[in-house]
Amino acid sequence: MKYFNGTKIALFLFLLGMVACTTSIPMEVLRPADIVLDSNIQKIALMDRSKPSSGFLNVLEGLVSGEGIGQDREGREKAMQGLAGVLSNTPRFEVVQTGISMEGTKGGQRMAVPLPWSEVERICNSVGADALVVIESYDSDYFSSTTQRERKKKDDDGNEIIEKYWESDANLNIRIGWRIYDPSKRILIDEFTVNAGENYGGRGDTEEEALRRLPNTLNASRNISLGVGGTYAERIAPVFILINRSIYNSGKKPFKTDMKQARDYVRVGNWDNAADIWNEVSNDADPKTAAKACINLAIAYERVGDFDNAVKYTERALFDYQFNGARAYYDQLNIRLREEDRANQQMQNKID
């Protein structure tokens, strides 16, 4: 007989109820960059300098580490695609692909010495760029292993038997080095290495089957590299991203119907009618329902960049109505305010 944990069931039902009582709302916001580039930089050029200078050594390393044929080459391309794709969504810079591919170090595990400034200036001048963003190194390692295991089970007659099976384990690790060159000041703005990886596992009746259950290494390398390129783009440029907010759908009678109607207005994009309902509920309903309406109003104001009113209604829910459910959004809103301020400061460096 199986015994169920009542606490876990209660928690699951509570979380299920919370999901049913709220609607997730996507919101596009400008995420600030991790580092700030000077106002003299308005157009940035991208290039790849991570091709190994010795193809033989790289092939040898690939055979030892289990890399797929062309894995590093395609990974470099995907990293550049990820970088360019996210940078295309920044209002701060104009971005241009140079299409230039240069050799780096022999194996690709480390960065070469920085490019000569005369070369940086030549490349930037050829495309009218103010800075050069370069993939300076790229290397991936893939290792897999298998282990035979045993487990007890019963056959059709109820007899206990020992069944053997295989488990496979694999690790894919990717290292990408980046530099940003400012030719006007002849300085390296950034020099940064990213390590990213995934662990995978599989199981099968045979060793070969367990290995087949592992993901295709080439596809996995592409996906990780694409993500690393996008992540580095977010490090150096403010970009638009989607965040989610949760509006409340429920409330006590007689305002339960009003809250659902407001939710339906939001689903069709009619935020004005929804806000009118929430405003009435926030003044007339019981404290908990009124607090939920206040949070919804705050999200409506945050959506259009009216942070004064967003803070006002959040604090009303938290402090006036003592609604503990407002705490999470209050913290989210304060983080958003700090990031909005940073993003605005970074955008002041853009010259129209």
Side-chain angles (χ1 to χ4, degrees), residues 1-19 24 50 52 54-79 81-82 105-110 135 137-177 192-232 244:
M1 179 180 293
K2 293 183 179 179
Y3 293 90
F4 297 96
N5 188 314
T7 302
K8 289 183 178 179
I9 293 175
L11 178 60
F12 172 76
L13 292 175
F14 171 75
L15 293 174
L16 186 63
M18 287 296 292
V19 171
S24 181
S50 60
S54 174
F56 174 75
L57 287 178
N58 194 54
V59 169
L60 181 61
E61 185 211 358
L63 293 173
V64 173
S65 66
E67 298 169 20
I69 297 174
Q71 180 172 306
D72 279 9
R73 175 179 55 79
E74 295 206 22
R76 296 197 307 270
E77 292 174 357
K78 285 296 181 181
Q81 287 179 23
T105 56
K106 288 185 177 181
Q109 297 97 334
R110 58 182 178 81
I135 300 179
S137 63
Y138 182 100
D139 185 56
S140 65
D141 294 315
Y142 180 82
F143 299 98
S144 63
S145 62
T146 55
T147 305
Q148 189 176 41
R149 301 193 182 279
E150 296 179 348
R151 62 186 172 195
K152 295 179 180 179
K153 62 179 298 185
K154 292 185 177 181
D155 61 18
D156 295 338
D157 298 324
N159 300 314
E160 188 175 273
I161 60 173
I162 302 297
E163 182 181 72
K164 294 184 178 181
Y165 65 96
W166 288 85
E167 284 186 348
S168 58
D169 181 74
N171 174 263
L172 174 62
N173 187 60
I174 292 174
R175 294 176 297 279
I176 305 180
F192 193 72
T193 300
V194 179
N195 280 279
E198 293 283 349
N199 293 314
Y200 310 98
R203 176 184 291 188
D205 293 333
T206 65
E207 185 176 18
E208 292 75 15
E209 182 182 358
L211 287 170
R212 284 198 302 270
R213 296 292 175 87
L214 295 172
N216 180 278
T217 57
L218 188 57
N219 289 337
S221 175
R222 289 169 177 161
N223 292 335
I224 294 174
S225 300
L226 188 71
V228 170
T231 299
Y232 188 71
N244 287 301

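Throughout, numbering of the chain's residues begins at 1 and tracks the sequence.
No hydrogens or angles considered: a donor-acceptor pair under 3.5 Å links the side chains of Asp72 and Ser140.
In this structure, OG on Ser50 lies 8.0 Å from CD1 on Ile176, to the nearest 0.5 angstrom.
Closest non-hydrogen pair, Trp166 versus Glu207, comes out as CD1-N, 3.3 Å. Minimum heavy-atom separation, Ile224 to Tyr200: CD1-OH, 3.9 Å. Across all their heavy atoms, Leu172 and Thr217 have their closest contact at CD2-O, 4.3 Å. Listed here is the closest heavy atom pair of Gly202 and Leu214: N-CD2, 4.0 Å. Summarising the geometry of Ser144 relative to Leu211, their closest heavy-atom pair is OG-CD2, 4.4 Å, with the distance given to 0.1 Å. Across all their heavy atoms, Arg76 and Ile135 have their closest contact at O-CD1, 4.0 Å.
With sequence neighbours excluded, no residue forms a side-chain contact (heavy atoms from CB on, under 4.5 Å) with Lys154.
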Item to complete: Report the C-alpha distance between Arg110 and Asp139 in whole Å, list the side-chain angles of each, state the deciding distance to 0.1 Å, and finish with yes or no for salt bridge (charged side-chain N to carboxylate O under 4.0 Å, His left out).
Response: CA-CA 8 Å; Arg110 58 182 178 81; Asp139 185 56; over 6 Å; no
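Between Tyr138 and Ile174 the shortest side-chain heavy-atom distance falls below 4.5 Å. Looking at heavy atoms from C-beta onward, Asn223 lies out of side-chain contact with Lys78 at the 4.5 angstrom threshold.
Residues Arg73 and Glu77 are paired through a salt bridge, judged by an N-O separation under 4.0 Å between the basic side chain and the carboxylate.
Shown are Gln148, Arg213, Arg203; of these, the side-chain hydrogen bond (donor to acceptor under 3.5 Å, both in side chains) with Glu167 is made only by Arg203.
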